Amino acid sequence: MPTEPVPDVIVVRGLTKSYDGAVVVDHIDLTVREGEIFGILGPNGAGKTTTLEMIEALRPIDEGTVTVAGIDVARYPQKVRAVIGIQLQSSTFFEKITLVEQIRMFASFYSAKVDPMELLAAVDLVEKAKAYPEKLSGGQRQRFSIATALINTPRVLFLDEPTTGLDPQARRHLWDLVRDIQARGITVVLTSHYMEEAQTLCDRLAIMDTGKIIALDSPGQMIADLLDRGFRKEVTVDQADLEDVYIDLTGKELRD
């Protein structure tokens, strides 16, 4: 029997943003399907962060439309913020409040009932429940940031370069966490400068440059299209790389 099409949870049409006459997001169209991991890649200045901020109702839209979970972002920004979670690359927490206390405080902003220990267990931070954010390692801080973004049980979770600065164990552990979040039915939209990360995690991705989307498809199809155009590597691709060696020798366990 034919499968039912997966509905779109994000629909972007003609999205545009300019600063001082310079167009930084140029009439882009994209859709994100419910339950997928969707990546946005691009060099610095490509417009990906501005695009995400408009989708997240954090930056005004100059032209075009965006809907998230059927909600018009420009007309109902507060409603949009209630159904999304945002993990920023650099998150700020109250340094003299424990992790459990911070979760309870953030939950009060949403009038949400959450079990702080259950949320910390989801990101492997139970043992840090009574610790202050200043005592967390980089990887632990990233995972706690994701925990706080899940407090309101979002339909869509936005991750901004979530593994930047992490060691190989912490990075791969966070990949597992992202997959677990997807398995809970939450759509994930992420940006990354790590191509291996995008290829491993993303069901589909958009590549942006100079404010435009220049490719949008699954990683596998993008690679197949490149090969069809005659691309060949000049060196043999090994079945393992140095990171695999590092993980094999030092283990997969987190050290933070």
Side-chain angles (χ1 to χ4, degrees), residues 9-10 32-39 52 56 68-69 80-95 97-192 194 197-198 200-203 247 251-256:
V9 69
I10 298 175
V32 178
R33 298 166 186 160
E34 186 93 45
E36 74 176 338
I37 299 176
F38 186 91
L52 282 186
E56 295 162 347
V68 177
V80 169
R81 295 181 192 125
V83 299
I84 66 173
I86 303 173
Q87 174 270 331
L88 302 175
Q89 188 178 8
S90 178
S91 299
T92 302
F93 300 110
F94 296 95
E95 295 298 343
I97 301 178
T98 67
L99 302 195
V100 165
E101 292 168 339
Q102 303 232 22
I103 289 174
R104 288 175 178 152
M105 179 181 65
F106 291 136
S108 70
F109 298 158
Y110 294 101
S111 298
K113 294 182 179 180
V114 299
D115 180 343
M117 297 307 295
E118 182 178 323
L119 207 52
L120 290 174
V123 295
D124 287 335
L125 285 176
V126 169
E127 75 283 0
K128 297 293 183 179
K130 296 183 180 180
Y132 298 128
E134 63 188 16
K135 299 299 183 181
L136 300 181
S137 68
Q140 290 170 339
R141 198 175 182 95
Q142 288 288 66
R143 300 204 308 275
F144 182 61
S145 179
I146 291 174
T148 60
L150 294 171
I151 284 174
N152 63 324
T153 315
R155 289 274 301 275
V156 184
L157 175 64
F158 292 91
L159 305 177
D160 184 13
E161 299 184 24
T163 63
T164 296
L166 302 187
D167 63 37
Q169 283 99 343
R171 181 165 61 250
R172 293 198 181 192
H173 188 270
L174 200 139
W175 291 358
D176 291 338
L177 174 58
V178 172
R179 292 190 189 98
D180 289 343
I181 291 169
Q182 181 190 30
R184 294 165 57 180
I186 297 172
T187 303
V188 179
V189 178
L190 64 84
T191 64
S192 178
Y194 296 116
E197 179 167 284
T200 299
L201 289 178
C202 295
D203 299 297
I247 293 290
K252 296 181 179 179
E253 293 78 16
L254 291 171
R255 305 291 179 87
D256 50 24

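Predicted, not measured: the structure shown is a model, and the values here were computed from it.
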List the steps, then state whether side chain to side chain contact (heavy atoms under 4.5 Å, CB included) holds for V32 with V189. CA-CA 8 Å; V32 178; V189 178; 4.2 Å; yes

Going through the checks in order, is the side chain to side chain contact (heavy atoms under 4.5 Å, CB included) test met by K128 and K135? CA-CA 9 Å; K128 297 293 183 179; K135 299 299 183 181; 5.9 Å; no

Go through the steps for C202 and L190 under the test side chain to side chain contact (heavy atoms under 4.5 Å, CB included), then give the verdict. CA-CA 9 Å; C202 295; L190 64 84; 4.2 Å; yes

Assess whether side chain to side chain contact (heavy atoms under 4.5 Å, CB included) is satisfied between Y132 and I97, documenting all intermediate values. CA-CA 6 Å; Y132 298 128; I97 301 178; 5.6 Å; no

Assess the residue pair E34 and R155 against the criterion (salt bridge (charged side-chain N to carboxylate O under 4.0 Å, His left out)); give the C-alpha distance rounded to whole Å, side-chain angles, the decisive distance to 0.1 Å, and a yes or no. CA-CA 9 Å; E34 186 93 45; R155 289 274 301 275; 2.9 Å; yes

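Y110 approaches R81 most closely through the heavy-atom pair CE2-O, 4.3 Å. Contact record, P162 with L159: CG-CB, 4.0 Å, taken as the closest heavy-atom pair. Scanning both residues, P116 and V100, for their nearest heavy atoms gives CB-CG1, 4.0 Å. Residues N152 and I84 share a closest heavy-atom pair of ND2-O, 3.0 Å.
Looking at heavy atoms from C-beta onward, L157 lies out of side-chain contact with V178 at the 4.5 angstrom threshold. The side-chain heavy atoms of D203 and Q182, taken from C-beta on, include a pair separated by under 4.5 Å. Under the 4.5 Å side-chain criterion, counting only non-hydrogen atoms from C-beta, R184 is in contact with L150. Here the side chains of L119 and I151 are in contact, with some heavy-atom distance below 4.5 Å. Counting heavy atoms from C-beta outward, F38 and R33 have side chains that stay 4.5 Å or more apart. With a 4.5 Å cut-off on side-chain heavy atoms, V156 and V188 do not count as touching. Side-chain contact between W175 and T200 is present, with at least one heavy-atom pair separated by less than 4.5 Å. Residues P154 and V83 form no side-chain contact, since every pair of their non-hydrogen atoms from C-beta on lies 4.5 Å or further apart.
In this structure, the ring of F144 has its center less than 6.0 angstrom from the ring center of F93.
Annotation for E118: atom CD does not count as buried by contact number, only 12 or fewer foreign heavy atoms lying within 6.0 Å.
Between T98 and E101, the side chains place a donor N or O and an acceptor N or O closer than 3.5 Å (distance only, hydrogens not considered). Between the side chains of Q140 and D124, no donor-acceptor pair of N or O atoms lies under 3.5 Å. Judged by distance alone, the side chains of Q142 and Q87 do bring a donor and an acceptor atom under 3.5 Å apart. For the residue pair E197/T163, the side-chain donor-acceptor check at 3.5 Å is satisfied.
We find the NZ-OG1 distance between K113 and T153 to be 13.0 Å, quoted to the nearest 0.5 Å. Note that CD of Q169 is 13.5 Å distant from CG of L174, once rounded to the nearest 0.5 Å. With values rounded to the nearest 0.5 angstrom, M105 atom CE is found 9.5 Å from T148 atom OG1. Note that CG of L120 and NZ of K130 are 12.5 Å apart. Values are rounded to the nearest 0.5 Å. Note that OG of S108 and CD1 of I103 are 12.5 Å apart. Values are rounded to the nearest 0.5 Å. A distance of 7.0 Å separates CG of L136 from CG of L125, quoted to the nearest 0.5 Å.
R141 has a carboxylate O that lies under 4.0 Å from a charged side-chain N of E95, or vice versa, which qualifies the two as a salt bridge.
With a 6.0 Å cutoff to the six-membered ring centre and a 45° limit on the axis angle, R171 counts as a cation-pi contact of Y194.
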